[in-house]
Amino acid sequence: MSSITPTQQVFQNFIGGQWRNSESSETFTSTNPARTSEIIGYFQKSTRADLNAAIEAARKAQPQWAAIPAPERGEILLRTALLLEQQKEELATLMTREMGKVLKETRGDVQIAIDVAKFIAGEGRRAEGETLPSAFADKFCMTVRHPLGIIGIITPWNFPIAIPAWKTFPALLAGNAVILKPASDTPLLALKMAELLHEAGLPAGVLNVITGPGGTLGDALASDKRINMISLTGSTEVGRHVAEICGRDLRRCSLELGGKNAVIVLEDADLDLAVAGISGAAFGTTGQRCTATSRVIVQKSVQQAFTERLVAAASTLRVGDGLDAATEMGPLVNKGRVKAVHEYTEVGKQEGAKLVLGGTPLTANEYSDGAFYTPTVFTDVTPTMRIAREEVFGPFVSIVPVDTYEDAIHVANGTEYGLSTGIFTESSRLTFRAIREIESGLVYINAATTGSEIHLPFGGMKASGNGHRELGAGAVEEFSEIKSVFVSYPTAKSKAGRL
Ligand code: UN1
């Protein structure tokens with residue numbers, strides 16, 4: 001098999017263990033958002049015919065894969081972890097070029113993939129199910145896991161290897177075959193991941209990667225009844241669409257969707273700690289995380305002090321090419337996103353919120369060819385404004401003043417989303433109330449909304465998902481069927497006794 005390198009420029013699909021061109025003979029480009037004239041590579045514009053080939057390869061490979069003992073399947077993931085470790089720096093650099101976020105963050109992205117590979121590798125040796133007592137004599141009860149078959153995985157561009165890894169590795173460990181469609185803005189790292197899995201010994205056809213447009217190819221993938229489950233991370237709008245498609249056939253789908261994540265800052269909070277945490281979670285990854293902090297709900301008595309400090313911290317952030325070691329915030333993923341974020345600045349102004357920082361695309365000099373936007377902060381935002389309710393997915397913070405703790409919780413829980421919420425307070429009483437009262441899948445005390453760890457469940461409530469959790473102790477179970485097994489071993493006497 002040929003190795004992929006960024007200088008090769010034309011990247012192929014990975015189907016049945018081979019690098020293959022699309023039947024369409026068409027490609028699309030992926031570009032560097034810091035310098036959009038720099039093409040990272042040409043990728044296959046795949047069609048239904050390519051999907052069909054991938055499904056056929058997966059169908060052929062899956063039964064033999066499932067027959068391999070789970071610890072051995074785990075070994076392949078462990079070898080993949082070691083390969084990822086060896087290539088961490090190269091992969092991080094490629095990712096910064098393709099997606100834009102700074103090297104510190106792309107290293108973190110690769111590290112998530114490494115950690116997940118190690119964690120899931122170990123899961124191969126854990127109990128496959130439970131043993132449970134029977135209510136009857138001479139009977140034994142247990143649960144065993146069974147693979148679902150073929151898993152279709154659709155991933156976003158903001159975590160180009162972490163999210164493909166945290167979905168693919170447990171799906172594989174569970175004995176499934178996978179068809180992965182990475183986001184068109186960042187297809188390179190998913191292909192690289194497939195290459196490493198193959199090098200680590202994954203049999204041909206067990207993982208297939210096809211690139212192409214989310215609309216047509218994603219739809220074809222989600223609608224194909226030969227695919228037993230869809231796992232998607234993306235917008236709530238796309239999630240609803242995929243859920244409808246899967247719902248019609250009663251096929252399982254796991255959705256990790258949008259957020260409008262809030263951090264509550266109470267008057268007893270350590271403001272410096274709050275500012276540092278919020279600045280990182282709001283402007284890190286240029287605000288393009290589903291867990292990014294996009295609302296700060298602050299008690300009025302500290303609104304001014306907090307706002308001044310946040311603006312001071314954010315205004316010194318060095319925006320630029322993520323490859324430059326001095327850069328603290330990279331570009332948005334493409335120029336379309338600059339327009340979308342800027343529209344929210346216009347909305348915020350029209351709604352009467354007070355713009356206290358940024359609110360402009362950066363276009364001069366070093367920024368002229370990139371997708372750059374300033375860190376942006378609005379204050380005096382009210383909970384009903386669109387900028388307090390809708391996901392912006394950019395370096396954009398809405399500060400919402402409130403009077404009391406109760407008001408803060410009410411506002412925090414008042415959007416359609418429920419992914420991640422933080423609270424800064426020194427009060428242990430309010431800490432435990434907040435843990436109980438916050439309606440989101442992730443809760444942070446004295447920290448902002450990002451930085452969850454892979455051995456804990458990840459996912460959201462309400463419109464942030466459909467109730468599934470990824471990662472954590474249930475990671476493999478998510479991609480498995482569970483069978484309850486009842487084994488009877490009655491003797492003539494014990495059977496007679498029960499009658
Ligand atoms: C995402 O934004 O899609 O907790 C995932 C975090 C990261 C994952 C973010 N570990 O912010």
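Just so you know, ligand 1 is whichever comes first in the structure, and atom 1 is the first atom listed for that ligand.
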I'd like a table of the close N/O pairs between ligand 1 and the protein (anything under 3.5 Å), one pair per line with both atom names and the distance.
{"from": "ligand 1", "atom 1": "2 (O)", "to": "Cys290", "atom 2": "N", "distance (Å)": "2.7"}
{"from": "ligand 1", "atom 1": "4 (O)", "to": "Gly451", "atom 2": "N", "distance (Å)": "3.0"}
{"from": "ligand 1", "atom 1": "4 (O)", "to": "Ser452", "atom 2": "N", "distance (Å)": "2.9"}
{"from": "ligand 1", "atom 1": "4 (O)", "to": "Ser452", "atom 2": "OG", "distance (Å)": "3.2"}
{"from": "ligand 1", "atom 1": "11 (O)", "to": "Arg289", "atom 2": "NH1", "distance (Å)": "2.7"}
{"from": "ligand 1", "atom 1": "11 (O)", "to": "Thr291", "atom 2": "OG1", "distance (Å)": "2.7"}
{"from": "ligand 1", "atom 1": "11 (O)", "to": "Gly451", "atom 2": "N", "distance (Å)": "3.2"}

Any salt bridge between [X] and [Y], counting N to O under 4.0 Å?
X	Y	result
Glu38	Arg97	yes
Glu98	Lys192	no
Arg107	Glu89	yes
Arg295	Glu391	no

* Asked: Would you say the side chains of Asp115 and His455 form a donor-acceptor pair under 3.5 Å?
  ->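 Note: Asp115 and His455 side chains miss the donor-acceptor criterion.
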* Asked: Looking only at heavy atoms, which two atoms of Phe169 and Ala113 are closest? And how far apart?
  ->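 Looks like CE1-O, 3.5 Å.
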